[in-house]
Amino acid sequence: MGELLVLWDVDYTLLTAGGLGDSLYEAVFKDLFGRDLTAIAPKAGRTDRAILLDTLALAGVDSPAAYVDDFMVLLGRRAAAMDGGARAYVRALPGASAAIVALAAAGVRQSVLTGNVRPLAAVKLAAAGLGEHLDLDVGAYGDVHEVRAELVTVARRAAQATYGTDFGGRSTVLIGDTPLDVAAALATGARAVGVATGSFASAELVAAGAHAVLPDLTDTSLVLAAVTGTM
């Protein structure tokens, strides 16, 4: 087995955040526009950049694209300012910590590929106790692009610069709970591992084209097999 780079999705794959993201969206919207946010666009598998564009349009904001960058900056600041406050919202999913530790012990490089902006991802992971063994500097985050697949190239380039290894093709493994996670992997030649811990059933992840699908992360040996392609 050559060197592998695992890119974890965050929400509903490694942890649940109990509405933390929605609360921050609502607070930032009020900061910017002085009124309450009444609806948030669908989030599952999407990036903050895409979600915010649609959310601002739903809220009737004129020229919503003009506000997305400022919104993400304020979102990141509010997330970073929470410090330990995120612990009231965030819970690691069963098996997540053990899976990360087992992959690290096997020499697998690990980071995240998430729709969250980086400060929000970092706060959630720290609150869940999952930051160790995840090199967030080689991850890719939701401010980069509306399309999740575009994040894969960003993470690969960062990982190659850091580790001196080309993680092309299936030496990059995406693990996530939505068909959009799977689609991002397939579009970039990566290996796709689905985990049915979110709102999508195993059958839906199989239908999306995942190379392996797990019911959850509780069986560490199955996680290792799914990542390495031996299951």
Side-chain angles (χ1 to χ4, degrees), residues 1-15 43-47 50 92-116 121 130 133-135 138-142 144-145 147-160 163 165-231:
M1 180 180 73
E3 273 203 85
L4 295 177
L5 172 67
V6 163
L7 298 172
W8 291 95
D9 171 53
V10 173
D11 293 286
Y12 300 104
T13 299
L14 290 175
L15 55 83
K43 284 185 166 185
R46 306 178 71 210
T47 67
L93 284 171
S97 179
I100 292 170
V101 169
L103 288 170
V108 175
R109 307 290 190 181
Q110 298 177 81
S111 188
V112 297
L113 190 143
T114 174
N116 292 278
L130 299 175
H133 304 302
L134 298 178
D135 184 351
V138 302
Y141 303 91
V144 170
H145 202 280
V147 178
R148 194 179 190 94
E150 297 294 328
L151 277 59
V152 180
T153 299
V154 172
R156 278 175 167 155
R157 285 175 180 163
Q160 182 171 10
Y163 303 123
T165 299
D166 179 4
F167 294 100
R170 294 193 187 181
S171 60
T172 297
V173 183
L174 272 60
I175 306 178
D177 67 289
T178 77
L180 288 177
D181 295 294
V182 175
L186 298 181
T188 54
R191 180 168 174 79
V193 176
V195 187
T197 44
S199 57
F200 296 91
S202 294
E204 293 174 281
L205 299 172
V206 170
H211 299 106
V213 176
L214 303 170
D216 52 42
L217 299 174
T218 57
D219 188 329
T220 303
S221 63
L222 278 182
V223 175
L224 285 167
V227 167
T228 58
T230 57
M231 69 176 291

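Keep in mind that what you see is a predicted model, and the values were worked out from it rather than measured. Numbers for residues simply follow the sequence, beginning at 1.
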Which of Thr47, Leu174, Leu7 passes side-chain contact (heavy atoms from CB on, under 4.5 Å) with Leu151? Answer is Thr47
Going by the rule side-chain contact (heavy atoms from CB on, under 4.5 Å), which residues pair with Ala208 if we only count those two or more places apart in sequence or in a different chain? Pro179, Val182
Where Ala92 and Leu130 come nearest, the two heavy atoms and their spacing: CB-CD1, 4.1 Å
Main-chain N/O of Val6 paired to Arg191 side chain as donor or acceptor, under 3.5 Å: no
CG/Leu14 to CG/Leu217 distance, rounded to the nearest 0.5 angstrom? 7.0 Å
Between Ala196 and Ser202, which heavy-atom pair has the shortest distance, and what is it? CB-OG, 3.5 Å
Would the distance check show the side chain of Ser111 and the main-chain N or O of Asp135 forming a donor-acceptor pair, the cut-off being under 3.5 Å? yes
Sequence neighbours left out, what passes side-chain contact (heavy atoms from CB on, under 4.5 Å) with Val154? Give chain and number order. Ala140, Val144
Could you note down all residue pairs passing salt bridge (Lys or Arg N to Asp or Glu O under 4.0 Å) where residues 147-157 supplies at least one of them, sequence neighbours left out? Asp9-Arg148, Arg148-Asp181
Return each pair, listed once, that meets salt bridge (Lys or Arg N to Asp or Glu O under 4.0 Å) where at least one residue sits in residues 205-223; pairs must be two or more places apart or across chains. none
Is the shortest heavy-atom distance from the side chain of Tyr141 to the side chain of Asn116 under 4.5 Å? no
To the nearest 0.5 Å, atom CD of Gln110 lies from atom CG of Leu134 at 6.0 Å
Heavy-atom pair of closest approach, residues Ser171 and Asp166: OG-O, 3.9 Å
State, to 0.1 Å, how close Val147 and His145 come at their nearest heavy-atom pair, and which atoms those are. N-ND1, 2.9 Å
Could you list the residues that satisfy side-chain contact (heavy atoms from CB on, under 4.5 Å) with Leu224, not counting sequence neighbours? Ala102, Leu103, Ala106, Thr220
Nearest 0.5 Å, what's the OG1-CD distance between Thr178 and Glu204? 10.5 Å
Starting from the C-alpha separation in whole Å, work towards a yes-or-no answer on side-chain contact (heavy atoms from CB on, under 4.5 Å) for Ile175 and Val227. CA-CA 8 Å; Ile175 306 178; Val227 167; 3.8 Å; yes
Main chain of Phe167, side chain of Thr172: is a donor-acceptor contact present, judged purely on distance under 3.5 Å? yes
The criterion is side-chain hydrogen bond (donor to acceptor under 3.5 Å, both in side chains); which residues satisfy it with Asp177, sequence neighbours excluded? Thr13
Could you list all the salt bridge (Lys or Arg N to Asp or Glu O under 4.0 Å) pairs where at least one residue sits in residues 100-113, not counting sequence neighbours? Glu3-Arg109
What are the two closest heavy atoms between Val152 and Ala184, and how far apart are they? CG2-O, 4.0 Å
Taking C-beta and beyond as the side chain, do Leu186 and His211 meet within less than 4.5 Å on heavy atoms? yes
side-chain contact (heavy atoms from CB on, under 4.5 Å) involving Ser199 - partner list, sequence neighbours excluded: none
According to the side chain to side chain donor-acceptor pair (under 3.5 Å) rule, which pairs have a member within residues 96-107, sequence neighbours left out? none
Between Val195 and Tyr12, is any pair of side-chain heavy atoms under 4.5 Å apart? no
